Amino acid sequence: MRLNSRLILAILCLSGGLLRAAPVLAQSEMDLLLFEKKNETAEPEIEVDVKDTLTENLAKSTAADKTERKEEMAEPIENDTNESENWLKSLIMGNKKKTATDTDAGMSDEEEDEIRKLIVSQRKNAAHFDISGIKLRMTPEEVGKTLEAQGYKRIVQNMEIPNFIKWRGEELCRQHGVIGFERLNACATKVAVENGYNFIERETYNRYSTKESIDIYYTSNFTGNLAHRIFYKSSVPLSDSRASNNVYINNLKIYDFWKRIDLKYGPPDNTSEVKWGLGGKKPYMKAKTGLLELNDPLLKDLDMARMFNEDTRLANTNYYTF
């Protein structure tokens, strides 16, 4: 009886151990499968310590993954910062170019000078402008050839002699016995022409079909008899009629005029005066409805300076013998 009870007790203990061992074995197999699966998908840089538990290895893997993601995200942020700084600098420089008149109180004199230079460089050089193909510093022959090819006809040509040349010629003719206003004038003109002082001072061309006219003013022969002022006039949009239909048509003509101005010359550098040019004595162009003026003040000043030098050269006279 006692033997049987001992046997029964041994069987029960063995059964209980197996029952307790089964969940442990199942958990171990599950841990092993998870561990193998993790090793298959893990990055080669992650080190796994076999001595640690699954939970500890998972914690290390998660921490390493977060660290790697932070490092990957850090590089683009740094690059974006550099690109943003470069973009901001370029934007500031662009604004400096566009806002010429807005000077910052904290801006140095060198920066202000640089901005002014940028603004001047952005202005249009009116020396390259043309009106109906005519440009400044063209000769009368070039002007005539250009305009006649477009259907213009010359209706006026004024010849001129510099006043100091004319007056000296009259005095010379008087000394040789010429008297009378008309005779003195004819004699002085002949002397000026023979010495090459007679020049084309102004020409007017007209195109009747389009109601357009162009006046060209030239310098003297001291600067090559070149065009220094071109004045264009169109009477197309200048109707004085107040009838509704005429006002409507006139507004269309005005709109077309300014649209063509914008397409050909672009926006003016000085919007208040409707003026293009680099400023100072350099060439410029001004516009009003139906009117255009292209002018080169520097060329005219140069012509006057050369005439003054010639007058100074001729200042010595032989009136006195003492």
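Side chains included, hydrogens not; waters and symmetry mates left out as well; all remaining heavy atoms used. Note that the structure is predicted; figures quoted are calculated from it, not measured.
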To the nearest 0.5 Å, how far apart are CG in L172 and CG in L184?
-> 10.5 Å
Side-chain donor-acceptor pair present, N270, S272, cut-off under 3.5 Å = yes
With the side chain counted from C-beta on, respond yes when Y284 and P297 share a heavy-atom pair under 4.5 Å apart, and no when they do not.
-> yes
Enclosure of F164 CZ (heavy-atom neighbours >12, cutoff 6.0 Å) = yes
K233/E212 salt bridge by N-O under 4.0 Å criterion | no
Minimum side-chain heavy-atom gap T139-N225 below 4.5 Å | no
Side chains of R229 and R202: does their closest heavy-atom pair fall under 4.5 Å?
-> no
Might you work through the side chain to side chain contact (heavy atoms under 4.5 Å, CB included) test for L299 and L226, ending with a clear yes or no?
-> CA-CA 9 Å; L299 179 60; L226 305 177; 4.2 Å; yes
Salt bridge or not for E273 and K288, using N-O below 4.0 Å?
-> no
Taking the side chain as every heavy atom from C-beta outward, state whether P162 and F222 have any pair of such atoms under 4.5 Å apart.
-> yes
Nearest 0.5 Å please: distance from the CG atom of N163 over to the CD1 atom of I165.
-> 10.0 Å
With rounding to the nearest 0.5 Å, note down the distance linking SG in C173 to CZ in R168.
-> 14.0 Å
Taking the inter-plane angle between the rings of F129 and W276 on a 0 to 90° scale, is it parallel (under 30°), tilted (30 to 60°) or perpendicular (over 60°)?
-> perpendicular
With a 4.5 Å heavy-atom cut-off, do L298 and P283 have their side chains touching?
-> no
For Y218 and E203, does a side-chain donor sit closer than 3.5 Å to a side-chain acceptor?
-> yes
Enter the distance from I254:CD1 to W258:CH2 here, rounded to the nearest 0.5 Å.
-> 10.0 Å
Under a single-linkage definition using a 4.5 Å side-chain heavy-atom cutoff for Ile, Leu, Val, Met, Phe, Trp and Tyr, are L278 and L136 assigned to the same hydrophobic cluster?
-> no
Step by step, would you call K286 with L294 a side chain to side chain contact (heavy atoms under 4.5 Å, CB included)?
-> CA-CA 7 Å; K286 297 179 70 174; L294 192 56; over 6 Å; no
Should F199 and W167 be counted in the same cluster of Ile, Leu, Val, Met, Phe, Trp and Tyr side chains packed under 4.5 Å apart?
-> no
Counting only heavy atoms not in R174, do more than 12 sit closer than 6.0 Å to its CZ atom?
-> yes
I200 side, atom CD1; S220 side, atom OG - distance, nearest 0.5 Å = 12.5 Å
Is I179 atom CD1 crowded by more than 12 heavy atoms from other residues, nucleotides or ligands, each under 6.0 Å away?
-> no
Could you state whether I261 and F231 fall into the same hydrophobic cluster, counting links through intermediate Ile, Leu, Val, Met, Phe, Trp or Tyr residues with side-chain heavy atoms under 4.5 angstrom apart?
-> no
What do the steps show when you test D296 against K300 for salt bridge (Lys or Arg N to Asp or Glu O under 4.0 Å), and what is the final call?
-> CA-CA 7 Å; D296 189 350; K300 183 60 178 176; over 6 Å; no
Restricting to pairs with a member in residues 189-198, which pass side-chain hydrogen bond (donor to acceptor under 3.5 Å, both in side chains), not counting sequence neighbours?
-> Y197-E310
Is the shortest heavy-atom distance from the side chain of M138 to the side chain of I134 under 4.5 Å?
-> yes
Going by heavy atoms in the side chains, are T210 and R207 under 4.5 Å from each other?
-> yes
Would you say V178 and V191 are hydrophobically clustered, going by side-chain heavy atoms of ILVMFWY under 4.5 Å?
-> no
Is there side-chain contact between H228 and T223, with at least one heavy-atom pair below 4.5 Å?
-> no
Report yes or no: does N250 contribute a side-chain atom to a donor-acceptor pair with the main-chain N or O of N246 at less than 3.5 Å?
-> no
So CZ of R154 and CG of N206: to nearest 0.5 Å the spacing works out to 13.5 Å
Note: D269-K275 ion pair, threshold 4.0 Å (strictly below) | no
Give a yes or no on whether L292 and I216 share a hydrophobic cluster (residues Ile, Leu, Val, Met, Phe, Trp, Tyr; joining criterion: side-chain heavy atoms under 4.5 Å apart).
-> yes
Mind running side chain to side chain contact (heavy atoms under 4.5 Å, CB included) on N295 and Y217 for me, showing each step along the way?
-> CA-CA 9 Å; N295 203 331; Y217 296 85; over 6 Å; no
Just by distance, with hydrogens left out, do T219 and D303 show a side-chain donor and acceptor under 3.5 Å apart?
-> no
Can you list the steps and then say if Y265 with M285 is a side chain to side chain contact (heavy atoms under 4.5 Å, CB included)?
-> CA-CA 10 Å; Y265 306 110; M285 190 185 78; 3.5 Å; yes
